[in-house]
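One-based numbering, in listed order, for ligands and for the atoms of each. In this text, all values refer to a predicted model and were calculated from it rather than measured experimentally.
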Amino acid sequence: MARGRTAIVGGTVVGPLGSLAGDVLVEGGVIKEVGRIDSAGAELVHAGGCFVLPGAIDVHTHVFGGIRDDTRSALCGGTTSALAFVDALPGERPVEAARRTLADELPDSLIDLAFHAVIWEPDAYEAGDLRAVAELGVGSVKLWLAYLELGIMANDDVAFAVMQEAADLGVVVLAHCENGRVIDVLTRQLVDGGRLGIDSLPRSRPISLEAECIHRFLVLAELAGATPYVVHVTGRRPLEEIVAARARGMTVYAEVCSHHLLFDQSDQEGPDAIRYVMTPPLRTGDDRAALLEGLAGGGLDTYASDHCHLRLDRDKMPVRDDFTKIPTGLPGIGARLPLGFALNGDGQRLDVERLVEVACAAPARIFGLYPKKGVVAPGSDADIVVWDPSTPSRLTLDAINDGLDWSPYDGHDIPGTVRHVLARGDRVVEDGCWKETDHRGEYLPVRRVAAPV
Ligand code: URP
Ligand code: ZN
């Protein structure tokens with residue numbers, strides 16, 4: 001795409017530490033100036049009364065399989081980059097999966113993508129697997145500490161070996177923390193008792209098993225010298241484990257996802273239970289309050305979607321009578337940033353600077369993309385969202401625009417509107433409307449490979 005000069009004028013530029021009235025000059029896909037700019041010859045984007053934010057970064061996404069739809073939705077909602085979990089075919093080594101994904105999936109992405117490697121076959125893990133993906137520019141790896149029944153759960157010995165290799169390389173270790181062995185026992189007891197309804201899902205996955213697993217993950221990471229990142233924290237007890245590890249002096253990163261902030265177990269108990277099937281499951285209202293407090297106060301570092309490209313009609317409804325068969329996860333990549341403005345605990349909203357920190361800046365810093373991404377500053381990619389707080393909007397399937405037949409967030413009221421989005425300088429949303437353009441996403445390699453210790 002031709003990328004000329006664009007000037008975003010009259011808005012308030014937001015960073016994690018503060019906001020300032022100023023203009024932004026974009027040239028060649030990069031931010032040239034912020035503040036007082038020379039806009040001669042530039043296309044003007046009027047941002048009077050609006051916040052000018054860095055393009056948001058979604059650190060927890062499962063987009064492969066529906067990438068064009070998912071990434072279009074992302075742009076419509078102001079998310080211009082994401083970290084995506086790399087899926088693997090049976091027998092594929094992590095580096096082979098990453099290479100195949102780069103070749104087959106990335107060309108269809110409309111947003112910039114970095115990869116998280118995933119240990120899908122823990123018994124096949126070999127030392128050197130992480131070095132190979134790191135050399136391809138992958139700076140993070142995910143361990144499943146649950147899902148024994150799928151054969152993807154890493155036992156402590158493999159998890160520890162992965163963490164040791166990650167520590168040598170400077171690779172961040174993400175973990176899905178739930179005690180998979182005890183969940184397996186509870187699940188079999190529920191199935192043997194004929195209790196196949198959706199209400200058995202939370203019964204089989206109590207919050208104590210999440211807290212226990214986080215504790216274990218952090219102890220192993222500390223011993224291995226790895227940098228741990230806990231995905232989708234769901235409530236007070238898990239958060240206490242993270243706070244306790246930090247009090248011992250550890251660096252621990254922790255993430256919260258939209259669904260755990262917006263819903264609680266009462267949603268899963270109602271007639272629409274099928275719309276709230278995810279792992280870990282929804283918790284109590286008190287847990288939700290603890291998450292909101294943690295996100296506002298610094299206990300939680302990032303705000304993500306855990307987007308899964310799943311249809312209600314084809315993927316979930318046909319198996320709704322058996323909780324062990326329902327595919328878990330919700331779509332939400334496009335809704336995430338707008339919902340961030342609507343997060344509300346005791347009438348208190350997250351302030352816009354904190355939202356920029358958890359949805360844009362911290363994701364970029366933690367995963368090695370800063371300051372190319374995550375900030376409106378000279379030299380950064382011109383990924384920019386103009387957010388209009390004076391025009392309330394409602395999330396609808398049309399607005400979310402991900403091609404799916406449902407959204408758990410359909411009908412949510414948002415105190416504002418995505419007015420404009422620029423992705424590396426390309427105008428992909430103009431005056432609230434998605435524009436079909438030839439803008440394409442790029443791979444974001446992360447250079448982290450350190451000398452072996
Ligand atoms: O239920 C969920 N969240 N499914 C996606 C996999 C995960 O746990 O991240
Ligand atoms: Zn996930």
Problem set entry | Check: Leu343 and Leu292 side chains under 4.5 Å, non-hydrogen atoms | yes
For this session: Enumerate the atoms of ligand 1 whose separation from the nearest heavy atom of Met278 is less than 4.0 angstrom.
Result: 1 (O)
Problem set entry | Contacting atoms of ligand 1, where contact means under 4.0 angstrom from a heavy atom of Trp144 | 6 (C), 7 (C), 8 (O)
Problem set entry | Ligand-residue contact atoms, ligand 1 with Thr328, heavy atoms, under 4.0 Å | 1 (O), 2 (C), 4 (N)
For this session: Identify, for atom 3 (N) of ligand 1, the protein heavy atom at the shortest distance, and state residue, atom and that distance.
Result: Asp306 OD2, 2.6 Å
Problem set entry | Ligand-residue contact atoms, ligand 1 with Lys142, heavy atoms, under 4.0 Å | 9 (O)
For this session: Would you mind checking if Glu210 and Arg283 are paired as a salt bridge, meaning a charged N to carboxylate O distance below 4.0 Å?
Result: yes
Exercise. With only distance considered, is Gly329 within less than 3.5 Å of ligand 1 through an N or O on each side?
Worked result: yes
Problem set entry | Vertex the Zn ion (ligand 2), arms to His62 NE2 and His60 NE2, rounded to 10° | 110°
Problem set entry | Nearest neighbour in protein (non-hydrogen) for atom 1 (O) of ligand 1 | Thr279 N, 2.7 Å
Exercise. Taking NZ, NE, NH1 and NH2 as the nitrogens, is one of them in Asp184 or Arg188 under 4.0 Å from a carboxylate oxygen of the other?
Worked result: yes
For this session: Provide the atom name of the closest N, O or S atom of Asp306 relative to the Zn ion (ligand 2).
Result: OD1
Exercise. Among protein heavy atoms, which lies nearest atom 9 (O) of ligand 1, and at what distance?
Worked result: His60 NE2, 3.1 Å
Problem set entry | Atoms of ligand 1 close to His232 [distance to a heavy atom under 4.0 angstrom, numbered from 1] | 7 (C), 8 (O), 9 (O)
Exercise. Any chance the side chains of Arg440 and Ser109 put a donor and an acceptor closer than 3.5 Å?
Worked result: no
For this session: Would you mind telling me if ligand 1 is within reach of the side chain of Phe85, the backbone, both or neither, using heavy atoms under 4.0 Å?
Result: neither
Exercise. So His232 and His60, would you call those rings parallel, tilted or perpendicular, with 30° and 60° as cut-offs?
Worked result: tilted
For this session: May I ask you to say whether Lys373 pairs ionically with Asp383, meaning some side-chain N is under 4.0 Å from a carboxylate O?
Result: yes
Exercise. Is a donor on one side and an acceptor on the other found under 3.5 Å between the side chain of Arg72 and the backbone of Asn401?
Worked result: yes
Exercise. If you measure from the Lys or Arg side-chain nitrogens to the Asp or Glu carboxylate oxygens, is any gap between Lys325 and Asp321 under 4.0 Å?
Worked result: no
